[in-house]
S.K.: 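This is the structure I want to talk about, given as structure tokens.
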Amino acid sequence: MIPALIAWHALVASAAPVLARRLGRRVFLWCALAPAVTLGWIVAVAPKVRAGDPATASIRWVPALGLELGFRMDGFGLLMAGVVAGIGLLVFAYARSYFAGHEHPKLGALGAHLVGFAGAMFGLVTADNVFALFVFWELTAVFSFLLIGFEDTKGSARGAAREALLITSLGGLALLAGLVLLTQAAGRASLAEILASPPRGGTVTAALVLVVVGAATKSAQVPFHSWLPAAMEAPTPVSAYLHSATMVKAGVYLVARFAPAYGATGVWRPLVIGIGLATMLVGGYRALRQHDLKLLLAFGTISQLGFLFVVFGAGTPTATKAGTAVLLAHALFKAALFLVTGIIDHQAHTRDIRRLDGIGRHHRLLAATGIAAAASMAGIPLSFGFVAKELALETWIDGPFAGPGNAAVLAGVVVASMLTVAYSARFVWGAFAAKGAFPGARAVGADMPAPSLAFLAPAALPAAAGVLFGLVPGRIGSLVVDAAAALGSVAAKGPAGAGLELWHGFTPALGLSALVLTGGGVLVAARRRVERLQTDAPSPVGAATGYQRSLEWLNLVADRTTAVLQNGSLPTYVAVVTITVVVVPGAVLVRHLQVPDGLVAAESWVQLAVVGLLAVAVGALVRIHRRFAAVLLVGAVGFLVAGLFVLQGGADLALTLVLIETLGIVIFVLVLRHLPERFRAPVGRGVVAARAAVAVAGGVFVTGFLLTAGAARTAAPVGEALIDQALPLGGGRNVVNVILTDFRALDTLGEISVLLVAALGIGALVTAGRGRSREEQR
Amino acid sequence: MSLALAVAAGILVSGGLYLVLQRTLTRVVLGFGLLSHGANLVLLAAGGRAGAVPLVDGRRGMADPLVQAMILTAIVITFGITAFLLALAYRSWQLTRDDQVEDDREDRRIARLATRRGRR
Amino acid sequence: MTGPSRSPILDVGSRAVFHTVLVVAVYLLCSGHNAPGGGFIAGLVAGAAFVLLDAANDFDPAARRGRLPPEVLLGAGLAVAAATGLTSLAAGATFLESDFVSLSLPGFGTVKATTALVFDVGVFLLVLGMVLAVVDRLGEEPE
Amino acid sequence: MNALLALPVGLPVAGAALALLCRRSRPAQRAISTGVLVAVTGVALVLLREVEASGPVAGQIGGLAAPLGITLVADLFSALMLVFASVTVLTVLVYAVGQRGTDVHRGVFHPVYLLLTAGVCLAVLTGDLFNLFVAVEVMLAASYVLITLGATREQVRSGMTYVVVNLLASTLLLVAIGLVYAATGTVNLADLSVKLGDVPGGLRLALALLFFVVLGVKAAIFPLFFWLPDAYPTAPTPVTAVFAGLLTKVGVYLVIRVETLLFRPAFPGPSTLILAVAAITMLVGVLGAIAQNDIKRILSFHIVSQIGYMVFGLGLFSLAGIAGAVFFVLNQIVVKTSLFLVCGLVEHATGTGSLARVSGLARRSPLLAALFLLPALSLAGVPPLGGFVPKLALVEAGFALDRWAVAAAGLLAGLLTLFSMTKIWTGAFWGNPEPAAAGERLQLPGIMVGATAVLVAATLAVGVAARPLYDLSERAAAELLRPDGYVVEVLGR
């Protein structure tokens with residue numbers, strides 16, 4: 001069924017551009033059919049899957065490479081797929097209103113790409129074969145690229161699309177390498193099977209690092225995070241869907257899957273948790289500085305993704321359960337927040353907090369939605385975010401690490417959470433508060449038209465769910481527990497297996513929560529001072545600059561390399577070819593030089609004399625600078641070679657060569673009569689010497705190679721056997737002619753084909769300058 | 001095998017390469033003339049010692065006819081392509097009044113770009 | 001216009017030589033299977049004959065009027081050569097396999113007629129066409 | 001059986017002769033070319049079925065038993081090459097006919113194009129080293145003529161470079177053949193496969209490297225590739241497309257054929273030299289592409305880069321490696337050709353392929369954009385398109401033999417390929433359409449679009465139907481690594 005659902009996505013996607021021409025923005029309702037059907041199926045199979053019976057499917061692709069479209073949706077996959085389809089449904093409903101007012105020519109493409117993405121994401125979270133997972137992994141990147149570049153006439157959108165694609169693809173390569181290593185170590189390509197009996201060893205460690213790098217780029221972890229804020233160029237429904245709720249979770253998804261199996265392995269926790277902590281802090285810090293609501297949310301997302309890395313990275317049962325809860329909570333509140341931002345942007349035509357003034361007072365429902373979601377993000381009690389965060393804090397209080405390491409992580413998490421509280425407050429304040437416009441900005445607020453209910457509902461729904469799940473975490477809690485159990489961590493449904501609860505009693509976690517809220521409150525209260533501090537603080541080299549620098553560096557390297565290797569000069573090319581031909585085999589040859597047994601100095605005195613003349617003629621030829629003389633000398637060389645042929649017993653050969661040389665001279669003369677009489681002045685002495693050295697090396701190489709090769713001959717050559725066959729089989733006495741017209745007539749057929757082609761080419765070139773050729777005029 | 005023949009092949013290849021390394025297309029074409037003679041002599045030498053013309057008339061000790069056939073084919077092919085190269089020289093003369101092989105323009109442009117960027 | 005030749009002696013002379021050389025070419029073609037010669041050499045010799053004639057006319061295209069265009073020779077040559085190959089294939093033999101029959105001709109003794117000769121005729125035509133296509137074109141004075 | 005082997009060569013030659021004789025009638029020429037190429041494609045398919053069912057097939061030319069005469073042989077690799085080559089040649093012909101003006105050139109285009117086909121087919125099928133030289137020359141001679149057909153200044157200039165470098169390589173190939181004959185006294189490949197086994201190891205390795213380098217010029221490997229990016233972009237697009245898709249691949253085919261069939265004992269395991277060459281070729285090629293600002297030039301440099309992958313597979317000398325290389329070659333033929341055809345459409349519609357002057361094409365023709373995007377992503381190895389499978393195969397093969405560095409270079413080159421493809425995409429397909437043309441739909445000839453679409457569909461098919469193709473590639477690789485069947489079929493022992 002899973003492949004069929006993916007195919008259904010493909011079908012819906014391919015129809016979207018066509019339908020969009022008729023339906024306009026209502027095409028998104030058609031698009032919604034894709035996640036709707038998926039959601040229906042998920043609900044239908046949920047009981048079975050949660051009972052521990054995963055939904056599987058498999059299509060063979062290239063078994064020899066371990067490549068198989070193998071699917072296995074367990075409880076965790078179910079939760080993820082549910083998020084993908086559920087948020088997808090909301091986003092499509094929302095998009096219909098979001099694009100009201102401007103019938104964009106690319107709406108159909110947007111719908112198609114969104115549906116395509118939904119299908120790919122669904123495949124990603126249900127894939128079992130690691131290469132199938134990789135396939136969907138890369139597909140999400142491609143769709144993300146196309147979606148970020150929706151406003152392709154804007155340079156910034158194009159750049160952002162490229163940045164996202166390149167950075168995530170870099171990680172994709174690492175991931176692929178890691179997966180290949182892992183499958184080779186495990187001898188299988190099924191993720192579930194690999195993780196059930198995880199291989200160990202040095203190669204596996206390398207593989208894990210590569211997988212984590214892949215996950216980190218996708219989930220916008222430091223130092224790969226710069227693409228995510230840039231990706232806010234995309235339309236807000238896209239940001240809400242891909243860049244907060246689903247795609248950026250793909251890396252987290254991998255960490256979640258791997259952590260229970262590899263959490264205890266040496267490199268895993270320091271790496272994953274270290275990355276996560278840094279990301280949390282950087283994201284939270286940067287979020288506090290933003291004036292654009294969307295960018296604020298983007299950095300918030302980065303921070304939350306870091307949080308997820310930290311929590312899931314531990315790999316303990318509690319951690320996994322907590323991570324699953326945070327993941328779900330984040331999907332709900334972050335989608336809602338983005339959608340709210342989109343509504344403000346659409347209605348007020350700005351999302352700059354310096355201009356928004358008093359929207360909360362006029363649009364209560366909108367404000368309520370935003371506040372509820374932000375509360376969940378900040379982890380205010382009574383929200384689902386609070387429940388999840390409590391659980392996460394518990395992870396670190398119980399502590400998978402011993403001693404100071406644990407405390408350090410806990411401290412980091414607490415500080416980052418304070419930042420989270422602060423930027424959540426900043427969001428609410430910035431979006432809704434009546435604070436008056438900043439100096440120099442035109443305020444928008446009271447005059448903003450109210451959004452329709454259909455527009456608001458997709459945002460309100462997840463926000464409400466966040467509150468509901470917070471108040472009554474029981475039902476959703478069992479879903480989370482089942483999901484975490486599927487990750488293989490909850491061995492015993494003991495304390496860690498218990499459901500989620502709003503009230504745990506007075507636990508250390510509660511104390512920490514209180515600390516976080518207090519700290520966050522202080523940051524909010526002192527926001528002016530904090531802001532000033534941030535503005536004054538030296539800003540370190542950001543990841544965005546890093547990306548730009550790498551691009552510049554890459555272009556420079558490319559230009560330089562190309563300038564050296566591709567210098568466009570024919571003599572250089574010829575020299576390189578010659579040197580390579582001489583050096584590469586020559587290096588081997590010099591160690592094995594030999595001389596044939598039957599070597600004679602010369603066949604006869606005449607031969608020696610002819611060779612001597614030949615040497616003289618060649619020597620003269622290379623120096624001469626008059627064209628006609630040079631041509632005649634070449635002719636002379638030809639006749640001398642013909643002489644060598646005669647001496648060796650080649651009558652036809654000599655005859656042919658003499659005729660060809662004669663004809664050649666005629667052709668030469670016909671061409672040369674147009675050209676200057678002398679060659680251009682010779683170049684510098686160094687160049688001449690270099691050319692001579694290359695040339696001599698070539699000649700020595702050929703002679704040496706020839707002698708060595710001749711020494712190896714043991715068997716009688718084929719040529720001798722041909723002599724006996726000429727008369728009986730070929731019916732001719734001239735063996736050479738029989739070979740040419742009979743035994744090897746195919747060579748001759750090729751040879752005359754070359755002549756024909758050359759003749760046609762010459763004709764075309766020579767007559768090109770004469771307008772229409774005379775023949776055609778006739 | 002005859003040493004003289006092997007050396008002659010080497011000489012022709014050397015002379016040919018030297019001319020092919022020039023910028024003037026006429027010299028390049030002449031160079032190919034020498035170069036292909038050199039290649040043909042390699043084949044000829046590969047056929048072994050000298051012998052009688054391979055005409056079936058009861059005599060023994062004929063030269064290897066296969067290398068002769070191969071050389072013949074090679075001569076013709078080289079001739080065809082060399083003639084084509086000459087036609088290119090002719091066309092080049094029509095267009096530029098010379099038969100120098102210029103450098104590739106796009107390549108030079110990128111090379112200049114690289115130097116400029118490098119200096120920055 | 002057959003074009004008054006620049007030099008009557010060259011004109012007459014070249015015509016005389018032309019026919020002699022053509023005969024030689026045909027002889028080389030026919031005897032090539034048994035003695036030095038063959039289609040290629042014959043083609044070059046015949047080409048030389050035509051080149052001589054054209055050179056005497058200063059490569060004036062008008063003087064060549066009525067002659068088959070070289071492209072036809074080229075095409076016909078290749079067609080003949082390829083056709084021999086395909087015919088042998090169609091006849092159930094291998095591609096380009098030759099066959100020969102011994103004919104007793106009164107006065108000539110036994111003569112072997114071989115399909116390889118047909119192939120060689122193709123070569124002959126093509127080489128002749130090549131020579132004409134190249135030399136005549138290059139010979140014409142460019143505008 | 002013999003007919004199946006001979007027809008892919010004989011038919012195009014005969015067709016070329018006919019087409020030349022009918023040079024005044026364009027419809028007749030077109031009918032002849034199309035008919036011949038359809039027939040060749042058909043024969044190739046039958047041959048593939050035959051070889052697939054019963055192993056390598058050999059036939060003698062001129063009725064003389066091997067190793068005396070010329071042998072034509074088809075094993076799986078050559079049969080696969082033949083099928084892909086003939087389909088490509090046929091599609092490009094249709095495209096060229098659709099592009100008015102390409103095939104009219106004084107009736108020259110069709111005969112030369114058919115002889116190019118004959119050369120390619122012969123190079124792939126021949127079992128004789130000298131005949132291989134002849135085949136390559138037929139193919140190259142035709143390419144020289146096609147590349148300079150317009151006789152413009154730029155074409156003449158780059159044509160010189162192209163001809164000179166290739167003629168030099170051809171002459172050296174002839175020398176190499178002479179050396180092999182000096183050492184063994186035979187030119188039959190199967191016979192050589194046996195006899196080179198008796199040649200002293202040092203000489204054998206030297207000969208193996210000589211052939212690697214000399215054929216490497218034709219295949220455009222580092223450092224012998226420079227003629228290619230200078231020459232290819234100047235030719236008319238259909239010509240470039242078929243060159244890009246086929247000619248260098250034939251070069252690679254020959255490298256693989258010669259190094260496995262003749263010199264296998266010279267490479268008992270992975271060859272570090274060849275792998276290093278492969279890695280550098282991959283990277284240098286793609287860096288070259290990054291430096292360019294013209295679509296055709298970018299794509300031309302990519303040809304070089306992709307050749308590196310194929311050499312990578314060969315250099316491993318393992319079943320998986322060579323299977324990957326074979327698959328890679330086949331996929332490249334389709335992908336590369338279709339990219340150039342798209343590029344041709346761009347030039348046809350806008351008059352230029354310079355990224356500085358083209359933009360916003362996706363808005364003016366979403367179809368064209370899709371036709372570009374799919375093969376472009378495939379080229380970069382993005383799954384699930386055809387380019388991904390051979391790349392995965394090669395990376396797996398490299399890791400399996402602990403050749404991390406070259407496998408990593410392969411992955412990196414993939415990323416850089418993607419980088420330069422996004423350069424084309426964001427430059428030409430995104431952005432504001434030029435003001436003059438804004439909003440106007442691109443006018444594209446249906447035949448050209450159709451031909452391109454067929455090839456793009458084929459790139460998709462290669463990815464989707466990767467399994468049968470990979471299985472065939474693997475079997476072809478097995479045959480290449482153990483050429484006993486080939487030798488027995490030719491020599492009868």
Side-chain angles (χ1 to χ4, degrees), chain A residues 61-62 64-65 135 138 142 149 152-153 158 162 165-166 169-170 173 177 180-181 184 558-559 561-562 565-566 570 573-574 576-577 580-581 584-585 588-589 591-592 702 705-706 708-710 712-715 717-718 721-722 742-747 750 753-754 757-758 760-761 764-765 768, chain D residues 61-62 64 67-70 108 112 115 131 134 137-138 141-142 145 151 161 164-165 168 172 175 179 182-183 185-186 199-200 202-203 205-206 209-210 213 217 223-224 226-227 284 287-288 290-291 382-384 389 392-393 395-396 399 411 415 418-419 422 426 430-432 466-467 470 474:
Chain A
W61 192 7
V62 190
L65 297 174
V135 167
E138 289 294 283
V142 171
D152 66 284
T153 48
R158 296 198 296 271
R162 229 176 148 198
L165 183 66
L166 292 177
S169 294
L170 174 73
L173 292 179
V180 169
L181 287 177
Q184 287 184 350
D559 284 355
T561 319
T562 311
L565 290 173
Q566 186 79 23
L570 181 58
Y573 292 175
V574 171
V576 171
V577 170
T580 313
V581 166
V584 174
V588 177
L589 188 68
R591 284 178 280 138
H592 300 91
V702 167
F705 213 146
L706 179 56
T708 309
R713 172 85 73 84
T714 49
V718 170
L722 287 172
D742 191 342
F743 296 164
R744 297 184 67 93
L746 193 55
D747 281 349
S753 302
V754 171
V757 165
L760 295 181
L765 281 172
Chain D
I61 292 302
L64 199 59
L68 299 186
I70 295 176
V108 169
V112 177
L115 286 177
N131 193 242
V134 174
E137 289 313 297
V138 173
V145 173
T161 312
V164 167
V165 173
L168 178 65
L172 293 169
V175 170
L179 294 174
T186 183
V199 165
L203 176 64
L205 182 59
L209 293 176
L210 179 64
V213 172
V217 179
L224 310 162
F226 27 63
W227 53 270
V284 162
L287 285 175
I290 289 173
V382 173
V389 179
L392 176 67
V395 170
E396 283 191 4
F399 278 160
L411 288 172
L415 178 68
L418 191 62
F419 175 74
T422 58
T426 51
W430 275 353
N432 274 316
R467 181 170 159 215
Y470 185 82
E474 202 172 58

S.K.: Between A:Phe705 and D:Leu203, is any pair of side-chain heavy atoms under 4.5 Å apart?
M.R.: yes
S.K.: Identify which part of A:Thr561 has an atom lying under 4.5 Å from any heavy atom of chain D, answering side chain, backbone, both or neither.
M.R.: side chain
S.K.: Below 4.5 Å from any heavy atom of chain A, which atoms of D:Val389 appear? Answer side chain, backbone, both or neither.
M.R.: both
S.K.: D:Leu172 versus chain A, heavy atoms under 4.5 Å apart: side chain, backbone, both or neither?
M.R.: side chain
S.K.: Output the option from D:Glu474, D:Glu137, D:Glu396 having the highest count of non-hydrogen pairs under 4.5 Å with chain A.
M.R.: D:Glu396
S.K.: At a heavy-atom distance under 4.5 Å, which candidate from A:Asp747, A:Val588, A:Asp742, A:Val62 has the highest pair count against chain D?
M.R.: A:Asp747
S.K.: Given the options D:Ala466, D:Ala182, D:Pro200, D:Ala291, which has more heavy-atom pairs under 4.5 Å with chain A than any of the others?
M.R.: D:Ala182
S.K.: A:Ala64 and D:Tyr470: which non-hydrogen atoms are nearest, and at how many Å?
M.R.: CB-CE2, 3.4 Å
S.K.: Quick check for you: among A:Arg158, A:His592, A:Arg744, which has the greatest number of heavy-atom pairs under 4.5 Å with chain D?
M.R.: A:Arg744
S.K.: Please list, chain by chain and in numerical order, all residues satisfying side-chain contact (heavy atoms from CB on, under 4.5 Å) with D:Pro384, sequence neighbours excluded.
M.R.: A:Trp61, A:Val135, A:Leu139
S.K.: Under 4.5 Å from any heavy atom of chain A, what part of D:Leu115 do you find: side chain, backbone, both or neither?
M.R.: side chain
S.K.: Taking every non-hydrogen pair under 4.5 Å, which of D:Ile290, D:Thr422, D:Val138 racks up the most with chain A?
M.R.: D:Thr422
S.K.: Give me the atom names and distance for the closest heavy-atom approach of D:Ala206 to A:Pro585.
M.R.: O-CB, 3.4 Å
S.K.: Could you look at D:Val164 and say if it's the side chain, the backbone, both or neither that has a heavy atom under 4.5 Å from chain A?
M.R.: side chain
S.K.: Between D:Pro223 and chain A, with a heavy-atom cut-off of 4.5 Å, which part of the residue counts as in contact: side chain, backbone, both or neither?
M.R.: both
S.K.: Where does A:Thr153 contact chain D at under 4.5 Å (heavy atoms): side chain, backbone, both or neither?
M.R.: both
S.K.: With only heavy atoms counted, which part of D:Leu415 is less than 4.5 Å from chain A, the side chain, the backbone, both or neither?
M.R.: both
S.K.: Which atoms of D:Ile70 come close to chain A, meaning under 4.5 Å heavy atom to heavy atom: side chain ones, backbone ones, both, or neither?
M.R.: both
S.K.: If you count heavy-atom pairs within less than 4.5 Å of chain A, which of D:Gly69, D:Ala141, D:Ala183 leads?
M.R.: D:Ala183
S.K.: Could you pull out the closest heavy-atom pair between D:Gly431 and A:Asp152, with the gap in Å?
M.R.: N-OD2, 2.8 Å
S.K.: What option among A:Gln184, A:Arg591, A:Glu138 has the most heavy-atom pairs under 4.5 Å with chain D?
M.R.: A:Gln184
S.K.: Mind ranking A:Val574, A:Val180, A:Val142 by heavy-atom pairs under 4.5 Å with chain D and telling me who comes out on top?
M.R.: A:Val180
S.K.: In terms of heavy-atom pairs under 4.5 Å, which option from A:Val718, A:Leu722, A:Leu565, A:Leu181 contacts chain D the most?
M.R.: A:Val718
S.K.: What residue, out of D:Thr161, D:Thr186, D:Leu179, D:Leu224, has the most heavy-atom pairs lying under 4.5 Å from chain A?
M.R.: D:Leu179
S.K.: Checking A:Ala177 now: which residues fulfil side-chain contact (heavy atoms from CB on, under 4.5 Å) with it, not counting sequence neighbours?
M.R.: A:Leu210, D:Phe399, D:Leu411
S.K.: Have a look at D:Phe226 and tell me which of A:Val577, A:Leu570, A:Thr562 forms a side-chain contact (heavy atoms from CB on, under 4.5 Å) with it.
M.R.: A:Val577
S.K.: Counting heavy-atom pairs under 4.5 Å to chain D, which of A:Ala709, A:Ala721, A:Pro717, A:Gly761 comes out on top?
M.R.: A:Ala709
S.K.: What part of D:Leu210 gets within 4.5 angstrom of chain A, counting heavy atoms only: side chain, backbone, both, or neither?
M.R.: both
S.K.: Using 0.5 Å steps for rounding, measure from the CG atom of D:Leu209 to the OG1 atom of A:Thr580.
M.R.: 12.0 Å
